[in-house]
2 protein chains.
Amino acid sequence: MVRKSATGRIGIADVAVKAGVSHATVSRVMNGNYTVDPEIASRVRAAAAELKYQPNPVGRSLALGKTDTIGIVVPDLANPTFQAILRGLSRAAAQDGYRVLIADSFEVSSEESILAGEARRRCDGLVLCAPRMTDAELEEIAPSLHPLVLINRTTATTGVPSLVVDYGQGVQDLAEHLVELGHTRLAFLAGPPRSASNGMRLQGLETFKAAHPHVDVTMLEGGSDFDTGHEAVDAVLESGATGILAFNDLVAMGLMSGLHERGIDVPGDMSVTGFDDIPFAKYTTPALTTAAVPITELGEQAWRQLRALIRKEENDAPGSRYQPRLEVRSSSGPARAARTAVHG
Amino acid sequence: MVRKSATGRIGIADVAVKAGVSHATVSRVMNGNYTVDPEIASRVRAAAAELKYQPNPVGRSLALGKTDTIGIVVPDLANPTFQAILRGLSRAAAQDGYRVLIADSFEVSSEESILAGEARRRCDGLVLCAPRMTDAELEEIAPSLHPLVLINRTTATTGVPSLVVDYGQGVQDLAEHLVELGHTRLAFLAGPPRSASNGMRLQGLETFKAAHPHVDVTMLEGGSDFDTGHEAVDAVLESGATGILAFNDLVAMGLMSGLHERGIDVPGDMSVTGFDDIPFAKYTTPALTTAAVPITELGEQAWRQLRALIRKEENDAPGSRYQPRLEVRSSSGPARAARTAVHG
DNA sequence: GCGAACCGAGAAAACGCTTTCTCAGCGGTG
DNA sequence: CACCGCTGAGAAAGCGTTTTCTCGGTTCGC
């Protein structure tokens, strides 16, 4: 006699019938509206419990105009950086009762804006994580995506907070560190060309080169994963550099593994640095010198900003810039020449 | 004159007005119903395009009774294994036009069933990944979660496919491998107590012990992350074992890092094996011997099964068992005694 | 030339909720 | 005693779609 509704699931109407009240009253009770007679309220609650009634979130969303869900668009879910952001975001959002819907663009930038739009329509807000789309495209769709928070990208559109990591400064710190160790020939193993963070690193290196005219910096093409690093061994050796700035920790790990296979000692023969300080970086042998990015914190902060937007609160800090922290471990050491000079 | 609807967003009604037809007709056109006069259809399409109309998915979901979204519940989003499953699932689902909603239980098993229920109600189906809840609890909620696919867990409830990795066999293979290298004292660094996969490993080891009465296997308490492995160094050394079976690759990496700090050579003094073959395993020094689990494939397969359930197709393979593949790398080598015998 | 079958599109119901509107019923006041 | 304000709960109107129902207008067949 119970499941009368078409879907087979029990709905508010079933509870109403069972409790002998209107479904409006059931709704009131379920939402803690205290204008309901306590006696009736408890009768409704009993009926709901007995039927194991759980409100249908879709109906609820339609009526309330909100979904209690946010979306995140990432270029590549396999990347530990984005995983960490997702984790931080998901965790922070969950604490406020929000769920997160994920959309992986698989690095195809043309899909990104469609994906973002679709995700946005199902959610109350969106986090766009290191989008690969062009600036023009971003500017165009940004208004339609509001509430929107950007990570590692900025826009001229007002009301769009963006959290960016100062990769330029980070790479300068790393280069500085290598120079202090006596390295005069450096190489930068670049990331994906469309990545904005790669652009920031390149810019940082320009600044660095201007400040250190005597240091030679070779640019090498690359990517963002292990294999990139592993395959770059030849190019790196060819460059004659003794201090290698890898795009990120993954690339650095791939490179170190490749160097190890060739019998090249790190940091004895060559110093290698990463970027990001993913959890694994501490446990490589040798442990990886890197620039630590407070990445889960970034995810949390993204939620804070988005929440403020959703709640239409005054946004105190419409954006933030994160400074990476130099993390010196054992993959970087004195340059050969310098060491020889000291020892002999 | 456009945005007349309360939400501010343009809806089907706006398009209807602009095209001078009823909103029913607009709906028909948008859904490719060919009973509409081509002239009218194109007028509607023009209006829709001009207004940049995009159907509201929530209203759509309510009317159609489906959300084109699936949910996944994981115990810990920080775990690379679950990340890989999520990735495989998300990717496979995306190809069929489904999105995925994530729910992280943060290893608190009491929250799991509530989380699962909530997620399920917003979605068309659910993947429960290595749930930590008790068997009784699982049996109880499983029917209400249908369509449901389990990973690394089984249930008596009918119509619930489960994909399980044969951890028991995998750990036996690894132990076998170590014994062949001459190790006679092994230690197992266990995982989280509530983890079903840990139970499977323990069971596998029992079988192994029965088959190899002369081999000594010490059981050590543990966990599932780096730190567990790192902190277990003392216990491992104390055990006197020369072949260590770590719960997974993460634990193995932590352990190797700790052993390295103590100046203990792997595999010279001690052999270490992991489990899972996460991408990082290839790049540790020494490269990690492990049991490879086709984990992204697992995620994909989970989607296939779930899709079949959603579409109410006949399910040809209501569940599958995955055999890990022994991946011998350089973290395992001949036992000291055996090596001495050979060399001297 | 008239009824039947058909076609296309608007009206209306349905999906499952929330919330405003409305109106009995009741106690208090002048 | 009539009137007023208040309370609490049902009726009904949304929220934005899809889909069934209905019906005027053709076309076809006899």
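Every chain is numbered from 1 and lettered A, B, ... according to where its sequence line falls, protein lines coming before strand lines.
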Please state how far atom [atom1] in [X] lies from atom [atom2] in [N], giving the value in whole angstrom units.
X	N	atom1	atom2	result
A/L64	D/dG16	CG	P	12 Å
A/Q54	C/dG16	CD	P	15 Å
A/M30	C/dC17	CE	C1'	12 Å
A/H23	D/dG10	NE2	C1'	9 Å
B/R9	D/dG16	CZ	C1'	13 Å
B/K66	D/dG16	NZ	P	21 Å
B/R122	C/dG16	CZ	P	16 Å
B/N33	C/dG8	CG	P	10 Å

Quick one: which of [options] gets closest to the side chain of [X]?
X	options	value
B/L62	C/dG16, C/dT18, C/dA9	C/dG16
A/S27	D/dT19, C/dT18, D/dA9	C/dT18
A/I40	C/dG8, D/dA9, D/dG10	D/dA9
A/A63	C/dC15, D/dT17, D/dG14	D/dG14
A/D37	D/dT18, D/dA9, C/dG10	D/dA9
B/N31	C/dC15, C/dA11, D/dT18	D/dT18

Are any of [X]'s side-chain N or O atoms less than 4.0 Å away from OP1 or OP2 of [N]?
X	N	answer
B/T25	C/dA9	no
A/N56	C/dC15	no
B/T35	C/dC7	no
B/R60	D/dT18	yes

Would you find more than 12 non-hydrogen atoms of other residues, nucleotides or ligands less than 6.0 Å from [X] atom [atom1]?
X	atom1	result
A/E140	CD	no
A/R194	CZ	no
B/R91	CZ	no

Discussion item. At 4.0 Å (heavy atoms only), tell me whether A/Y34 reaches a base, stays on the sugar-phosphate, or touches nothing.
Written reply: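 Touches nothing.
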Practice prompt. Would you indicate what A/V58 reaches in the nucleic acid, counting non-hydrogen atoms under 4.0 angstrom: base, sugar-phosphate, or nothing?
Written response: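 Since no nucleic acid heavy atom lies under 4.0 Å of A/V58, the category is nothing.
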Worksheet item: Under the 3.5 Å rule, do the base of D/dG8 and the side chain of A/R28 count as making a donor-acceptor pair?
Response: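 No such pair is found, so the answer is no.
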Discussion item. Is there a side-chain contact between A/L150 and A/L138 in this structure, where contact means two heavy atoms from C-beta onward sitting under 4.5 Å apart?
Written reply: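 Yes, close enough: below the 4.5 Å cut-off.
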Discussion item. Between B/E107 and B/R132, does any NZ, NE, NH1 or NH2 come within less than 4.0 Å of an OD or OE carboxylate oxygen?
Written reply: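 Salt bridge between B/R132 and B/E107, a charged N being under 4.0 Å from a carboxylate O: yes.
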Item to complete: Test B/E118 against B/R122 for salt bridge (charged side-chain N to carboxylate O under 4.0 Å, His left out), laying out the working first.
Response: CA-CA 7 Å; B/E118 279 185 2; B/R122 298 181 178 272; over 6 Å; no
